[in-house]
S.K.: 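First, the structure itself, so that you have it in front of you.
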Amino acid sequence: MIDAKRGTAVVLIVLLSVGLFSCAKRVETPKEPEITMVIHGGAGTILKENMTPERERAYTEKLTEALQMGLEILKNDGSSLDAVEAAIRVLEDSPLFNAGKGAVFTAQGKNELDASIMDGTTLNAGAVASVTTIKNPISAARAVMEDSKHVLLVGRGAELFAAGQGLDIVDPEYFFEQTRWDQLLKIKESEQSSLERSGAIQMRFGTVGALALDRKGNLAAGTSTGGLTNKRHGRVGDSPIVGAGTYANNATCAVSGTGQGEYFMRNLVAYDVSALMEYQGMNLDDAVEKVIQEKLTELGGLGGVIALDKFGNVAMSFNTEGMYRGWIKEDGEAQVLLYGDEDE
Ligand code: ASP
């Protein structure tokens, strides 16, 4: 009898403490944000039939390397800004993409680079435009954000600032890539600007972008580009324009775009995604679909965006044949896609 009572008491105590423990666990251990990296390497006429297996592999490998570079930083409790900058530097240093080494040529045969970065925690942002000697424009954009009172520096002023910050400065020749030069000649031959829709010219927007969510739940976004082939000297696109090509806000999402910059600028594409979430309570997927598949498409603009929200949800949308894109989470399994008909 006594033993039975004692047994009941023990069971009760065990049940109670399990109950308390599970309560305590729910209340005291908030779910950690799901660290996530998302990148793009440009949208456009990216079709399987135009690709060789070697090129396919080269793009996949470089995008994977950039994702892993960012993830490593996030795994070590690094910030989303560090992850975005590091991932973009990998793509800027590769001739495969239209950013940094591999940037396209202006009509005058020069490379003029643009980049921006935004911190979703503080809503601070930094950008550079029309620079010709900064090896990694994304790092210069970050320096503008963190070490100047300004948001956007252009041309010579941006280059002097970057040099003063100890960033790598190169001879403009560094950016020369034969394939990009040939693309310029081809466009010139056909007397078409890639600003126009053209059946003859393949539309390729090789701009790069990265988004990250770190363990603290902070979002960041960055974009870097050489702009459009055959652009006018001095033309600046959406990539260094906060709200057009890049946007990040912890309360909503991080966004980076690629495509016909003039359309992205006039319609503040990146900010529009965030605004639909903020003011209309839309979820990430719906906001991205509305902005790209409805608004941008109805206006006749070509391109796409990648987006990431504070929960680690990823959305990607484009109205071109393909978009180099990928994402990675804690498990380290990089997902990289190139074409339009691949499932996400
Ligand atoms: N959006 C870029 C620009 O217009 C081009 C690109 O996405 O490749 O400068």
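Numbering of ligands and ligand atoms starts at 1, following listing order. Position 1 is the first residue of the sequence, and the numbers go up from there.
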S.K.: Verify the neighbour count for atom CE of Met69: are there more than 12 heavy atoms of other residues, nucleotides or ligands below 6.0 Å?
M.R.: no
S.K.: Atom CG of Asn283 and atom CD of Glu289: how far apart are they, to the nearest 0.5 Å?
M.R.: 10.0 Å
S.K.: Assess whether atom CD of Glu173 is packed by more than 12 heavy atoms of other residues, nucleotides or ligands within 6.0 Å.
M.R.: no
S.K.: Between ligand 1 and the protein, give all atom pairs where both partners are nitrogen or oxygen and the distance is under 3.5 Å, as lines of names plus distance to 0.1 Å.
M.R.:
| unit_1 | atom_1 | unit_2 | atom_2 | d |
| --- | --- | --- | --- | --- |
| ligand 1 | 1 (N) | Asp238 | OD1 | 2.7 |
| ligand 1 | 1 (N) | Gly259 | O | 2.7 |
| ligand 1 | 4 (O) | Arg235 | NH1 | 3.4 |
| ligand 1 | 4 (O) | Arg235 | NH2 | 2.8 |
| ligand 1 | 4 (O) | Asp238 | OD1 | 3.4 |
| ligand 1 | 4 (O) | Gly259 | O | 3.3 |
| ligand 1 | 4 (O) | Gly261 | N | 2.9 |
| ligand 1 | 7 (O) | Thr207 | OG1 | 2.8 |
| ligand 1 | 7 (O) | Thr258 | OG1 | 2.8 |
| ligand 1 | 7 (O) | Gly259 | N | 2.8 |
| ligand 1 | 7 (O) | Gly259 | O | 3.4 |
| ligand 1 | 8 (O) | Gly206 | N | 3.3 |
| ligand 1 | 8 (O) | Thr207 | N | 3.2 |
| ligand 1 | 8 (O) | Thr207 | OG1 | 2.5 |
| ligand 1 | 9 (O) | Arg235 | NH1 | 2.8 |

S.K.: Taking Thr45's backbone N and O only, do any of them form a donor-acceptor pair with Thr320's side chain (distance below 3.5 Å, no angle check)?
M.R.: no
S.K.: Extract all donor-acceptor atom pairs below 3.5 Å that involve side chains of residues 264-271 and protein atoms in other chains or at least two apart in sequence.
M.R.:
| unit_1 | atom_1 | unit_2 | atom_2 | d |
| --- | --- | --- | --- | --- |
| Asn267 | ND2 | Tyr263 | O | 2.7 |

S.K.: Closer than 4.0 angstrom, basic N to acidic O: yes or no for Glu159 and Arg156?
M.R.: yes
